[in-house]
Structures are given as C-alpha cells and as structure tokens.
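Structure record follows, encoded as structure tokens.
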Amino acid sequence: MRMSQLFSRTLRQAPAGAESRGYEYLLRAGFIKQLGAGIFSNLPLGFRSLKKIEDIIRDEMERIGGQELTMPVVNPAEIWKETGRYYTIDKELSRFKDRVGRDMVLAMTHEESVTAVAAGAIDSYRQLPQLVYQIQTKWRDDPRPRAGLIRVREFTMKDSYSFDADHEGMVKQYEAHYDSYFRIFGRCGLSVIAVGSDSGMMGGKVAHEYMYLTSIGEDTIILCDKCGYTANRQVAEFAKEYYSEDMLEMQEVETPDTPTIQALADFLDIPKRKTAKAVFVMGTFTDEHLQEYQKLIIAVIRGDLEIEEAKLQKAAGAKELRGAGDEEIRSCSMEPGYGSPVGSKNCLVIVDDSAAESSNLTAGANKPGYHIMNTNYGRDYTGITADIASAVDGEACTVCGMPLRSSRGIEVGNIFQLGTKYSEALDCSYQDIQGKRKPVVMGSYGIGVGRLLACLAEEYHDEKGLILPISVAPYQVHLVSLMKSGEEPQQLYEKLLDAGIEVLYDDRKDSPGVKFTDAELLGLPVQITIGKRTLEQGAVEVSLRRDGEKELVPLEQVTRRVQELIDMLSQELLDSLSEAP
RNA sequence: CGGGGUGUAGCCUAGUGGCUAAGGCGCCUGCUUUGGGAGCAGGAGAUCGGAGGUUCAAGUCCUCUCACCCCGACCA
C-alpha cells in the first residue's frame with residue numbers, strides 16, 4: 001500500500017477523550033474512528049489488524065474441529081422468549097418490531113439461534129460431538145460504553161458453540177477451548193490468565209474468563225501467587241476465620257453517632273470483627289408469572305468484611321440490586337445506620353457465614369443511637385446463609401492458605417459450560433444408542449476481537465506510538481523513502497511485494513521528520529529507510545520498531561534480510577506458546 | 001439511571017453581551033526545501049450542537065433539547 005493513497009490520515013493531536021495511550025494511538029494512527037457512544041468504524045489499517053486476529057482465531061478453531069458459519073444479527077424474539085432471556089435481560093437487549101409488528105431483537109450473543117439451527121440439524125448421537133463458530137457483529141446496549149474499544153456497544157465477537165451427547169463430551173470440548181484460547185492469545189502476543197468466573201446471564205455452572213492484566217482494567221481479579229488460584233472478585237472465595245464462643249444474653253446499649261462500623265467499634269472499643277454489619281438493598285425479582293416485584297434485602301456480614309454484590313445478588317436470586325432508600329428500610333421496621341435483622345419484617349435476610357458462624361456480635365438495634373450486643377444467628381434472627389463476602393488483598397487462599405493478591409484486568413475471552421439450558425428450552429435433542437431422546441449438552445465460548453486489539457495496543461506501545469506484534473500488525477514492513485527522485489524506492493517496493501511481504505510504502509512528498517514520526521506512530525514491526533545517503537553505499541537501513549537499532553543492508557540482500565526478520569519475529573511468538581500454563 | 005463535565009472548521013484550542021468569530025495543526029495553489037513534525041506568499045474551509053427566549057445587540061445570558069466524555073450504578 002502506498003501511503004500517499006492511504007484512506008486514513010495520522011493525527012498529530014489526540015482527539016479529546018482518548019484516556020488511555022493504547023486508545024489514543026489507535027485513533028491517531030488511523031486504525032479506528034468513533035461514530036457514536038460505543039460505536040466505531042474500523043478503518044483500513046485497523047481492519048487489517050482485526051482480520052489477522054480473526055484468521056488466527058479461525059486457524060485455532062479449525063484445529064479443534066470447529067466449523068465456521070454465520071448467523072443473523074436480527075433474531076425473531078420468539079426464540080428469546082422461549083429461553084426466557086427476552087424477559088430476564090434488561091435494556092441491554094435491544095428490541096424492535098418489524099413492519100407487521102412482530103417482536104424482533106438484535107442478538108447480543110447467539111445461543112438461541114445456534115440452538116434453533118442445531119435442533120434441526122442434529123437427530124442422532126452419531127452426529128455428535130459438533131462444534132460451530134462464527135465471527136459476527138454483536139449489539140449490546142451497554143448503559144455505559146467507555147475506554148475506547150474496551151467497552152463498546154457494537155462489536156465483533158468470535159463465538160463458538162459445542163454440542164455433545166453428555167456432560168463428559170462437553171467437558172472435553174470445554175477443555176479443548178481452554179487450551180485453544182491460550183494459543184490464540186499467545187499467537188496474538190497477549191499474555192492472559194484464565195480465572196474462574198460468574199456465568200452471569202449465560203447460565204450454566206462452570207465458566208472461565210481470560211483476563212489481560214492491566215491497571216486500566218475494569219474487573220478485579222483475585223490471585224494466589226503460591227498455588228495459582230485465580231478468580232474474578234465477583235466469585236472469588238477466601239478462607240474466613242470464625243470466632244465462636246458461648247452465647248451471651250442480648251443487651252441493648254446506647255451508642256450515639258455511630259452509624260458506621262468504624263465509629264461503633266471505636267465507641268465501644270471492640271474489634272470490628274465483633275460487630276455485624278447490615279447492608280440494605282432493593283432487589284428486583286421475577287415471579288412465576290414473569291411479573292417483576294421489588295423486595296428489601298438485608299445483607300448481614302461481620303463488620304471486618306465487605307459485601308460482594310454479585311455474590312449477594314446470586315444468593316438472593318434477584319434480577320438486579322440497587323441501594324435501598326431510608327424510607328424503604330424503615331418500612332420494614334429497620335433503621336439506617338443502626339440496622340440489623342433482629343426484629344425485621346417483610347424482607348429477605350441473607351447472612352454471610354462469617355456472621356452466622358461467629359458469636360456475640362454487636363448489631364444495630366433498629367433505633368437511632370442504639371446497638372444490641374451479643375446477637376447470634378439462629379437464636380436472635382434467621383435467614384439464608386451464603387458466602388457474600390468480597391475477597392480482598394491479604395485474605396487467605398482457600399486452597400493453600402497463603403495471602404491473596406488483587407489485580408485489575410480486562411476480559412478478552414470467556415468459556416461457559418452451558419449444559420442443557422438452551423437445548424431443553426428450544427428442544428434441541430438427539431436419539432441415543434438406545435433410541436432414547438435426550439437434550440444435547442452445550443458449551444459456549446467467546447472472544448472479543450476488537451477488545452483484543454485494544455488490549456494489544458495497550459500492551460504494545462511506547463511514547464512514540466504503537467509496536468504491535470508481527471502477527472497482528474496491519475503490515476509487516478514500513479518502507480520509508482526519503483528520495484525526491486529516482487526509481488530505487490519504487491523498485492524495492494515492488495521487489496518486496498513480489499516476495500509476498502506486506503509493505504506500507506511511504507511515497508509521500510513530506511519531509512523526513514514527518515515520515516519517521518508517522519512510521520513510529522503506526523509502529524509496523526520492520527522499518528526500511530531508503531535515501532540518497534544509503535544508496536551511496538548501495539544499501540538501505542533496516543530496523544525493528546521495538547528497539548530501533550539500524551543495520552545497513554545491501555540492496556540486493558534486502559528481501560532476504562527482511563524475510564529473516566519477519567520469520568524471527570513470528571517464531572518468537574510461536575515459541576512463547578509452549579510456556580502457556 | 002444518578003453525579004460531574006464538554007460542545008466554536010477535519011484535529012487541538014482562544015474568544016468582558018458590542019465592528020466582518022481568532023489562532024495552531026491539517027488541507028489547496030505556487031516557489032523554495034529534503035536524514036527527524038521545514039520556509040515564504042496566496043487561498044478554501046464555521047448557519048459557534050439544535051430549538052425557543054431575553055436584549056437595540058447573543059458564540060457569550062435564560063429555558064428546553066440533543067450529542068459526547070468522565071465517576072458511579074450496570075455489564076462480556
């Protein structure tokens with residue numbers, strides 16, 4: 001490609017709102033262009049990178065037996081009603097009616113459609129297992145898109161779906177994906193870790209997320225450096241210490257101006273772990289007639305710990321949670337700041353095991369300025385016990401007991417063991433060897449392609465611009481010509497093309513400074529500089545973007561030398577694969 | 001959906017209610033220049049996000065509205 005003809009142009013200044021360096025460079029280098037909140041165009045350079053990522057994904061999907069197909073972005077709402085997601089997913093799922101008033105949705109993922117397709121295609125156990133995948137546009141009307149390509153509303157996702165006769169088969173395909181994903185991310189040059197995760201709206205039990213660890217990430221990961229335990233904070237567990245002793249009589253005490261645990265502990269001069277904290281939230285639930293209703297939830301946890309909302313939501317079985325207002329709390333006979341489940345009415349009580357298993361905790365008296373000492377779960381109040389505590393730095397690992405550490409990360413892929421949720425809802429079944437009809441057992445597996453590129457831009461840049469790995473850079477070579485006349489640059493360009501090398505040829509009439517700066521901004525792995533000065537020695541300069549060290553290469557050896565460098569860079573990425581966990 | 005912020009040319013910015021809306025980058029033409037974002041001269045490009053209003057006079061003040069960004073809620 002000639003740079004003088006390139007569709008996009010580089011920007012000297014970053015458009016306002018480019019928060020991270022990776023995003024800034026993608027914009028300035030002309031990879032992407034924003035059209036609306038969370039809506040981007042992929043310009044030719046960005047599109048080439050995305051295609052390279054997609055081809056790596058295709059390669060690896062085919063390796064584990066995947067067959068590519070595509071499914072429609074617009075779905076009749078009917079199948080989404082049958083699986084219930086039409087009702088359980090909120091505004092994130094965009095709905096509309098077609099011209100005759102039929103309910104339609106924009107697919108945010110394709111479990112429904114793939115299951116409907118498979119229902120017609122699969123009849124017999126002989127056809128199983130199956131694995132199909134697509135690289136398709138998804139639309140999710142996220143309430144808050146942000147961070148450039150990290151969190152968008154329209155995006156390209158690789159999604160694959162496995163179909164098996166039984167759980168064991170599904171686990172096999174799940175494990176194949178588990179390894180395949182490391183190969184995919186590795187070939188793109190991105191280091192990720194797999195962490196146990198919440199299955200969220202997908203349903204199912206076992207799930208992993210592939211996280212790229214970065215300070216700009218929006219998920220919090222809990223890890224154990226000793227034994228390798230990793231989990232999203234939403235589901236991360238830790239070893240809790242209980243403090244059990246003989247139960248004492250409840251006793252009300254006056255505790256003025258102590259609406260927080262800290263104030264209470266200071267006032268009574270007791271450790272926080274001797275207190276019980278009550279957190280009030282309103283949960284939205286769906287009854288058997290699919291009618292929504294709200295109910296106050298009081299979450300009780302020992303005062304030295306914090307509530308993890310995702311865990312609480314799951315334990316309560318609520319569709320969504322929001323903070324409760326003071327009046328809502330009082331209407332259930334409790335008092336904000338001095339609340340406890342003792343004497344509560346008309347609300348759902350969820351008790352963390354830390355509070356349930358510890359004795360004689362000081363809890364609110366449900367009147368301002370008073371607390372009750374020596375409350376005990378089971379004797380003084382009841383409720384559902386569950387683990388609703390948030391794992392934080394320094395808590396003990398459940399596996400090995402060593403202190404846990406937290407880190408920020410971005411989810412670039414996920415794998416779910418779905419089971420039969422969708423196959424049962426949409427009647428996707430097969431006949432087994434005994435002629436018995438059974439639902440197929442499914443798995444679903446996603447990779448955000450654009451998000452992956454965004455993570456790579458985040459990982460691979462310096463103060464001058466991008467330094468994308470050779471496997472995903474839009475071109476392999478940036479040929480910079482400083483000549484104002486002469487045939488040599490053009491001839492070299494054609495020679496490289498003939499050798500099958502991907503070249504971006506800067507044939508513009510700009511000054512050397514402009515060209516070098518742009519070459520650094522785009523950051524193509526190999527740079528060739530050809531100018532009068534080099535030609536006097538019958539040579540060109542060749543350098544790698546990542547270190548900038550220049551070598552003089554005779555004209556007739558350029559193609560071979562550049563090919564060597566490309567092979568070396570490619571091999572490095574492949575070599576790193578064996579190191580994957 | 002709550003809180004905060006910003007909308008002036010392709011990009012970044014300036015602009016006490018008062019003359020024809022200013023500058024830098026980029027763009028076009030010509031000349032010069034060519035190993036690190038060149039120089040000179042000339043030029044194009046803005047219904048100041050939109051709609052109402054106040055005023056002799058609105059980019060500037062008021063109301064409404066739209067869009068985008070950030071924090072939170074939410075989420076892959």
Side-chain angles (χ1 to χ4, degrees), chain A residues 8-20 23-24 27-28 30 33-39 89-93 108-109 138-159 197-202 207-212 217-219 232 234 281-282 284 309-310 313 319-323 325 409-416 444-452 454-455 464-465 480-486 506 508-521 527 529-536 540-541 543 548 550:
Chain A
S8 57
R9 262 202 326 239
T10 55
L11 299 175
R12 281 200 194 184
Q13 279 149 322
E19 294 287 307
S20 73
Y23 178 34
E24 177 191 330
L27 288 170
R28 285 184 47 205
K33 169 82 180 165
Q34 183 171 9
L35 188 59
I39 305 176
I89 297 175
D90 203 30
K91 288 179 186 157
E92 204 178 340
L93 176 67
M108 44 195 289
T109 172
K138 305 279 188 262
W139 171 264
R140 293 184 190 177
D141 197 357
D142 198 284
R144 186 168 163 223
R146 70 184 114 181
L149 286 189
I150 302 289
R151 209 148 125 186
V152 293
R153 294 193 292 170
E154 184 182 305
F155 59 101
T156 302
M157 181 169 153
K158 183 290 297 181
D159 44 327
S197 75
D198 182 15
S199 55
M201 67 166 185
M202 304 299 268
H208 282 87
E209 291 170 344
Y210 288 75
M211 310 293 308
Y212 161 59
E218 39 183 17
D219 286 292
N232 194 306
Q234 294 179 336
V281 294
M282 290 301 288
T284 303
E309 250 193 58
Q313 184 177 347
K319 187 177 152 189
E320 76 179 48
L321 301 179
R322 64 169 170 83
I410 296 172
E411 180 185 351
V412 286
N414 53 44
I415 53 181
F416 295 100
S444 111
Y445 319 88
I447 292 178
V449 180
R451 183 179 278 191
L452 178 47
C455 289
K464 291 174 171 173
V480 176
S481 165
L482 301 180
M483 318 259 298
K484 54 179 173 182
S485 63
D506 195 345
R508 297 174 302 173
K509 302 203 181 313
D510 287 288
S511 68
V514 171
K515 295 185 178 186
F516 289 138
T517 310
D518 275 349
E520 279 152 351
L521 177 59
Q527 181 178 331
T529 306
I530 181 169
K532 245 189 329 202
R533 192 191 283 180
T534 65
L535 281 180
E536 278 165 10
V540 298
E541 258 170 28
S543 61
K550 295 165 181 160

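Proteins get letters first, then strands, A, B, ... in listed order; numbering begins at 1 in each.
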Among [options], which nucleotide has an atom closest to any side-chain atom of [X]?
X        : options             : answer
A:Phe516 : B:C12, B:G36, B:C69 : B:G36
A:Arg144 : B:C11, B:C70, B:C25 : B:C70
A:Gln34  : B:G35, B:C69, B:C75 : B:C69
A:Arg146 : B:C11, B:G36, B:C71 : B:C71
A:Arg9   : B:C75, B:G36, B:G26 : B:G26
A:Arg28  : B:G37, B:C69, B:G36 : B:G37
A:Glu92  : B:G37, B:C75, B:G36 : B:C75
A:Val514 : B:G35, B:C11, B:A38 : B:A38
A:Pro512 : B:C75, B:C71, B:G35 : B:G35

What distance, rounded to whole Å, do you find between the two [atom1] atoms, one in [N] and one in [M]?
N     : M     : atom1 : value
B:G17 : B:C61 : P     : 7 Å
B:C74 : B:C68 : P     : 23 Å
B:G23 : B:A46 : C1'   : 14 Å
B:A38 : B:A57 : C1'   : 45 Å
B:G36 : B:A44 : P     : 34 Å
B:G39 : B:G5  : C1'   : 41 Å
B:A14 : B:A58 : P     : 24 Å
B:G3  : B:U55 : P     : 32 Å

Just call it for [X]: base, sugar-phosphate, or nothing, with non-hydrogen atoms closer than 4.0 Å on any strand.
X        : result
A:Val480 : nothing
A:Gly36  : sugar-phosphate
A:Asp510 : base
A:Glu541 : base
A:Glu309 : sugar-phosphate
A:Pro15  : sugar-phosphate
A:Ala18  : nothing
A:Asp518 : base

| field | Charged N-O contact under 4.0 Å between A:Asp142 and A:Arg153 | value |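 Salt bridge flag = no for A:Arg153 with A:Asp142.
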| said: Taking A:Arg508's backbone N and O only, do any of them form a donor-acceptor pair with A:Asp506's side chain (distance below 3.5 Å, no angle check)? | reply: yes
| task | Could you tell me whether a side-chain N or O of A:Arg28 sits under 3.5 Å from a main-chain N or O of A:Leu11, the two making a donor and an acceptor? | result |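 Here the side-chain-to-backbone pair exists.
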| request: Check A:Gly38 against A:Pro145 and note the closest heavy-atom contact, atom names and distance. | output: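 For A:Gly38 versus A:Pro145, the nearest heavy atoms are CA-CB, 3.6 Å.
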| Given RNA chain B, 5'-ward residue of the pair A:Lys532 and A:Glu19, judged by closest heavy atom |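 It is A:Lys532, whose closest nucleotide lies nearer the 5' terminus.
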| said: With nearest nucleotide decided by heavy atoms, which residue, A:Gln527 or A:Lys91, maps closer to the 5′ end of RNA chain B? | reply: A:Lys91
| Between the side-chain atoms of A:Arg151 and the base atoms of B:C74, is any donor-acceptor pair under 3.5 Å? | yes
If pairing requires Watson-Crick or G-U wobble contacts with both distances under 3.5 Å, which nucleotide is the partner of [N]?
N     : answer
B:C1  : B:G72
B:U16 : none
B:A67 : B:U6

| request: Grab the CG-P distance between A:Asp142 and B:C69 for me, whole Å please. | output: 12 Å
| said: Strictly below 4.0 Å: does A:Ser511 bring a side-chain N or O up to OP1 or OP2 of B:A38? | reply: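 For B:A38, OP1 or OP2 has a side-chain N or O of A:Ser511 closer than 4.0 Å.
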| said: Tell me whether the side-chain N/O atoms of A:Gln13 come closer than 4.0 Å to OP1 or OP2 in B:G10. | reply: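 So the side-chain polar atoms of A:Gln13 never come under 4.0 Å of the phosphate oxygens OP1 or OP2 of B:G10.
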| request: Assess whether side-chain contact (heavy atoms from CB on, under 4.5 Å) is satisfied between A:Lys464 and A:Phe516, documenting all intermediate values. | output: CA-CA 10 Å; A:Lys464 291 174 171 173; A:Phe516 289 138; over 6 Å; no
| request: Could you tell me the separation between the CG atom of A:Leu27 and the OG atom of A:Ser8, rounded to the nearest 0.5 Å? | output: 11.5 Å
